There are 2 protein chains.
Amino acid sequence: MGRLQSFDRTSVVQAARDLFWDKGFDAASLADLEEATGLKRSSIYHAFGSKRGLFDAAVEDYQGTVIRPRLRILTGPGIGRVSLLAYFDDLRWAVSALPEDSPRRGCLLVNCAAGLAGRDDLARQVVDGYRSELTDTLQDALRAAAVAAGDSGPDRAPERARTLASLGMSAMLLARVNAAESLALLDTATVQIRYWFPGSA
Amino acid sequence: MGRLQSFDRTSVVQAARDLFWDKGFDAASLADLEEATGLKRSSIYHAFGSKRGLFDAAVEDYQGTVIRPRLRILTGPGIGRVSLLAYFDDLRWAVSALPEDSPRRGCLLVNCAAGLAGRDDLARQVVDGYRSELTDTLQDALRAAAVAAGDSGPDRAPERARTLASLGMSAMLLARVNAAESLALLDTATVQIRYWFPGSA
DNA sequence: TATATTGTGTACTGAGCGATACACAAAACC
DNA sequence: GGTTTTGTGTATCGCTCAGTACACAATATA
């Protein structure tokens, strides 16, 4: 054995994550990453191998700490109408709670879709995995809501799931361009859900 | 007077446009631009002032040759249900007609939203202008369709316009990640339109 | 044809990039 | 405590970037 790591890996990865979230992979320089993480580049390269290695770790953290907890709302208690509304409410909170210039505006993976994913197969797979997981989870919740509402008509869940996923992704896309319109898109999602599944609230 | 420009400005701008469309502002280098346009950098700087100047010219061309002609479908003959379906049909054609590795996949402005627009106010304004023009135009067509259908209920045009704009933008976002899913989103839009305004086709 | 004006080609600049070499520091094991 | 193993700091690498200096080419005007 030898010397031990003197930094907390998680907090370093999350500092890098926030920087990538803010500026994207290309625009985040190693100098920026040194400043954000407090590490010298030798330590970064020793621990993560490359800028890309650190980015991949940041994406993994993002999935674990941002994406999955959010998706869990959809599958959690009240799966169906309630969980769908809670999901978009959570998204709405995330967009409106952050200051206009917060580094965490929007979605790291959505930004990635328009950038890295255009020329990097791995990034493309990650983004598409997120998309399909979101759509599938929305679809399950929509089916549960339809069952609870006694809806016995044709299965509209696939197209409704695509519509809701689309509203969520667009809202993330617009979060850094026009926060008010981003919120309007999320409100549109809840309006749709209430329209499909009329209820008390 | 002096020597005359020996190149066709429009074709140069469009070559640059396609490169920016493909790689984005940052990833498109001046060496790439020289190769794509056939111009040496002295000529580029003489004619456009800077890389950004060429980019702005490219965006302007993009709006004039891609965005506006497409929006004109929505306001043109058959405004309402027909024009809405034609619009998404045109978008669908654009996504499916291009080869998997075409430089023109997706939308220059949508890519810009996740990249440049995050740190550049001018780019942000252009992107938001596009968004609002798209939404407004969709809303007009939706109102026309509602009138034609004799729909006298509450005005659902605003939320429907947001939903359709969202589907269009998401489809552009996903065009480079998963073309099949991009098409599925566009199909979802036409399904919605047909659902809102039942008709013969 | 002489001159003024403008476009083009070549060669280069300084700055910033990701990545690395290597000496040194520190902790676990014998 | 000496040795081995591993983390950290400094200094720098080679490269690419956007942008520029300047000579030369070409054409409209006088």
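What you see is a predicted model; the values in this text were computed from it and never measured. To find a chain, count down the sequence lines: A is the first, B the second, and so on, and within it residues start at 1.
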Report task. Look only at the side chain of A/R81 and the backbone of A/A149, and say whether a donor-acceptor pair between them is shorter than 3.5 Å. Result -> no
Query raised in the report: Rounded to the nearest Å, what distance is computed from the NE2 atom of residue A/H46 to the C1' atom of nucleotide C/dA21?
Result: 14 Å
**Report entry** Distance, rounded to the nearest Å, where A/Y45 contributes OH and D/dG7 contributes P
**Finding:** 17 Å
Requested in this report: Please report, rounded to the nearest Å, how far the P atom of D/dA18 is from the CG atom of B/L54.
Outcome: 11 Å
Report summary line: B/F55 meets the ring-ring contact (aromatic ring centres under 6.0 Å, His included) criterion, sequence neighbours left out, with B/F20, B/F25
Query raised in the report: Rounded to the nearest Å, what distance is computed from the CG atom of residue B/L33 to the C1' atom of nucleotide D/dT16?
Result: 14 Å
Query - Which nucleotide in C/dT8, D/dA18, C/dA19 has an atom nearest any side-chain atom of A/L30 - result: C/dA19
Query raised in the report: How long is the line joining CZ of A/F48 and P of C/dA19, in whole Å?
Result: 14 Å
Tabulate protein N/O versus nucleotide N/O from nucleotides 9-15 of chain D, keeping only pairs under 3.5 Å, one per line.
| from | atom 1 | to | atom 2 | distance (Å) |
| --- | --- | --- | --- | --- |
| D/dG9 | N7 | A/S42 | OG | 2.3 |

**Report entry** Polar contact flag, side-chain donor to acceptor under 3.5 angstrom, A/D61-A/T65
**Finding:** yes
Query raised in the report: Rounded to the Å, how far apart are B/R9 CZ and C/dG7 C1'?
Result: 14 Å
Query raised in the report: Base, sugar-phosphate alone, or nothing: which one does B/A28 contact when heavy atoms must sit under 4.0 Å apart?
Result: sugar-phosphate
Query raised in the report: Which of these nucleotides, D/dA18, C/dG7, D/dT8, is closest to any side-chain atom of B/Q5?
Result: C/dG7
Query - Test item: side-chain donor near acceptor, A/S29 and A/D32, under 3.5 Å - result: yes
Report task. Round to the nearest Å and state the distance from B/K51 atom NZ to D/dG19 atom C1'. Result -> 11 Å
Report task. Rounded to the nearest angstrom, tell me the gap between atom CD in A/E35 and atom P in C/dG16. Result -> 14 Å
Query - Partners meeting side-chain contact (heavy atoms from CB on, under 4.5 Å) with B/N178 (sequence neighbours left out) - result: A/D128, A/R131, B/A180, B/E181
Query - Short side-chain to backbone donor-acceptor contact, B/R119 and A/K23, under 3.5 Å - result: no
Query raised in the report: Does A/F88 reach the side chain of A/L164, with side-chain heavy atoms less than 4.5 Å apart?
Result: yes
Query - Nearest listed nucleotide, side chain of B/S29, among D/dC17, D/dG19, C/dA19 - result: D/dC17
